[in-house]
Amino acid sequence: MAIDARPQQASSARELERIKTYVRELKRQETEPICAYIRDVGALVDHVRQRVQSMPSASRLFYAMKANSEEEVLRALAPVAHGFEVASLGEVVKARRVSADLPIIFGGPGKTESELRGALDQQVMLIHVESLHELRKLQAIAAERGTVASVLLRVNLKGPLPEATLAMGGRPTQFGIDEALLPQVMEQIAGMPHIRVEGFHFHSLSNNLDAAQHVKLVQYYCRIAREWAQRYRFPLRYLNAGGGIGVNYADLEQQFDWPHFVDGLAAVLRRELLPETTLLFECGRYMTASSGYYATEVLDVKVNHGRTYAIVRGGTHHFRLPVSWGHSHPFAVVRIEEWPYPYDRPGVQGEPYTVAGQLCTPKDVLASGSAADEVRVGDVLVFRYAGAYGWAISHHDFLSHPHPRHVYLYE
């Protein structure tokens, strides 16, 4: 299924106008300043379905729950994605709450014995083993139960790998098995009858925006996995290429070129993938970011030492992504014309300003250098592409401010 980027951009503009209309209606209903996460579930499902349907036949697209594990999101994606990728037993439980038989793959460093037992109890499809110690621990647990655990070996490749916002491989990190140790690990596995190695997991980077480089990366994965499977003489049933497909927060109109990626991927898989191998992807941010919005009302506009600030109802305790990534997050202004108060309405027009929240820290900043035509107290800022790593990673109860409203739009 081919995907044309131009209709996607037009659809995104329509969705934003729909969200603005909803915010104006919400403002008319509320007596307190607005603060809400708004998720367009219909747009989410359409986006993910199109990506899943366009994948080459030898590949599968899993949803990485860490990006957004809200039950409404999981219920929407369970019938659409090929499965869920989890990174804790808590996420396994959430996944099983929405589906008793959805395929689950379980990764992450530092799994406890309880998590490994729980993974076997919940019949996860694959466990991504991150060290020789974790492998031995799983072997002992599976032996106690008289079962065989299916695993992928997560390997920290030496590279070279493409540049990306976050790197989990090609350098010292806590993730995976050092490529140099693989011969030792494979020798140990020969004496582990309760472990079945199904393939490899290479999640080396995050937020890559270059589709052509991502195709080359998968090609590299395919070649090295095939070589190792032949060297160590086991069937390569699965190769997990991780996630890593990014979102361009700096320019929302220039996103990852998915059509180019799937076209190139199909050609690579025809050449490089063994017939018995299924290629797995585990994407989170790319799947949920674009359909989520964080709407927050301007409480004050003031100048301090020559810099203008718009203070909003909320902040990084609700939406930590901007400060955690060190970027100025894109937003749109919803103008609210009503001003029922007897005092002047502060605002800023045609000048750069910083959007800050209510917390008692100078790091509570969502955007800086913004220069909209006009922003006034009582207007609402709608932060776009806020559907991933927003609420899920935020320190919700710092200063005990109220939580935002959570809204799910299905039509």
Side-chain angles (χ1 to χ4, degrees), residues 59-67 83-89 91-92 103-113 115-116 119-120 124-139 141-142 149-162 164 166-189 192 194-206 208 214 217-218 220-229 231-232 234-245 277-284:
S59 60
R60 299 289 182 270
L61 184 57
F62 281 62
Y63 171 56
M65 281 178 55
K66 62 180 70 69
F84 288 168
E85 185 267 341
V86 306
S88 72
L89 183 56
E91 287 191 341
V92 173
I104 295 174
I105 52 180
F106 186 7
K111 301 179 193 69
T112 67
E113 289 188 19
E115 286 182 312
L116 294 173
L120 295 176
V124 304
M125 172 181 160
L126 295 165
I127 297 173
H128 301 153
V129 173
E130 302 247 353
S131 71
L132 181 55
H133 173 67
E134 188 170 276
L135 195 62
R136 289 167 174 158
K137 187 159 51 175
L138 182 58
Q139 155 68 18
I141 292 169
S150 291
V151 307
L152 299 187
L153 301 179
R154 181 171 183 177
V155 179
N156 185 334
L157 298 170
K158 62 185 178 183
L161 302 169
L166 292 177
M168 281 79 80
R171 64 186 66 183
T173 68
Q174 67 268 47
F175 301 106
I177 299 164
D178 188 328
E179 181 179 340
L181 298 178
L182 186 61
Q184 176 187 346
V185 171
M186 297 307 298
E187 182 180 352
Q188 293 282 319
I189 287 172
M192 297 182 180
H194 294 275
I195 297 293
R196 179 186 298 115
V197 177
E198 307 272 16
F200 297 102
H201 180 209
F202 304 134
H203 186 21
S204 301
L205 49 82
S206 182
N208 183 26
H214 217 72
L217 180 66
V218 174
Y220 172 55
Y221 288 166
C222 289
R223 288 178 177 175
I224 198 166
R226 184 179 62 197
E227 176 188 330
W228 287 347
R231 180 185 305 172
Y232 298 111
F234 69 88
L236 185 67
R237 292 192 60 203
Y238 297 102
L239 168 58
N240 188 333
I245 296 175
T277 306
T278 299
L279 180 68
L280 308 178
F281 290 94
E282 48 185 55
C283 295

Q. Which atoms form the tightest heavy-atom contact between A119 and L89, and what is the distance?
A. N-CD1, 4.3 Å
Q: Considering non-hydrogen atoms only, spot the tightest contact between A67 and G284 and give its length.
A: CB-C, 3.5 Å
Q.
Quick check on E227: does its CD atom have over 12 non-hydrogen neighbours (other residues, nucleotides or ligands) under 6.0 Å away?
A. yes
Q.
Measuring from atom CZ of R231 to atom CD1 of I224, what distance do you get when rounded to the nearest 0.5 angstrom?
A. 8.0 Å
Q. Is a side-chain donor or acceptor of Q139 paired with a backbone partner of H194 at a separation under 3.5 angstrom?
A. yes
Q.
I'd like to check I141 versus K137 (side-chain heavy atoms, cut-off strictly below 4.5 Å). Are they in contact?
A. yes
Q) Do V197 and Y232 come within less than 4.5 Å of each other through their side chains, counting heavy atoms only? A) no
Q. Can you find a pair of side-chain heavy atoms, one from W228 and one from V155, that are under 4.5 Å apart?
A. yes
Q: State, with a plain yes or no, whether a side-chain heavy atom of E282 is found less than 4.5 Å away from one of H128.
A: yes
Q) Which atom pair, heavy atoms only, marks the closest approach of C283 to L61? A) SG-CD1, 3.9 Å
Q. Step by step, would you call S150 with M125 a side-chain contact (heavy atoms from CB on, under 4.5 Å)?
A. CA-CA 7 Å; S150 291; M125 172 181 160; over 6 Å; no
(Q) Return the CD to CG distance between Q188 and L181, rounded to the nearest 0.5 Å. (A) 11.0 Å
Q) Is it true that a side-chain atom of R154 and a backbone atom of H203 form a donor plus acceptor pair closer than 3.5 Å? A) yes
Q: Specify the closest pair of heavy atoms between F200 and A229, including all atoms of both residues, with the distance to one decimal.
A: CE1-N, 4.4 Å
Q: Answer yes or no: is there a side-chain heavy-atom contact under 4.5 Å between H201 and I105?
A: no
**Q.** Closest heavy-atom pair and its distance - F234, M186
**A.** CE2-CE, 3.8 Å
Q. Do the ring centers of F62 and F106 come within less than 6.0 Å of each other?
A. no
Q) When rounded to the nearest 0.5 angstrom, what distance separates CD in E130 from CG in L135? A) 12.0 Å
Q) Just how far is it from atom CG of L280 to atom CG of L126, taken to the nearest 0.5 Å? A) 7.0 Å
**Q.** Heavy-atom side-chain proximity of E85 to E91 below 4.5 angstrom
**A.** no
Q. Could you give the distance from CD1 (I127) to CG (L120), rounded to the nearest 0.5 Å?
A. 5.0 Å
Q. Is F202 close to L239 at the side-chain level, that is, under 4.5 Å between some pair of heavy atoms?
A. yes
Q: Grab the two heavy atoms, one from V218 and one from A241, that are nearest each other, plus how far apart they are.
A: CG2-CB, 4.4 Å
(Q) Once rounded to the nearest 0.5 Å, what's the spacing between atom CD of E179 and atom CD1 of I177? (A) 11.5 Å
Q. Just wondering, do L153 and I189 contact through their side chains at under 4.5 Å, heavy atoms?
A. yes
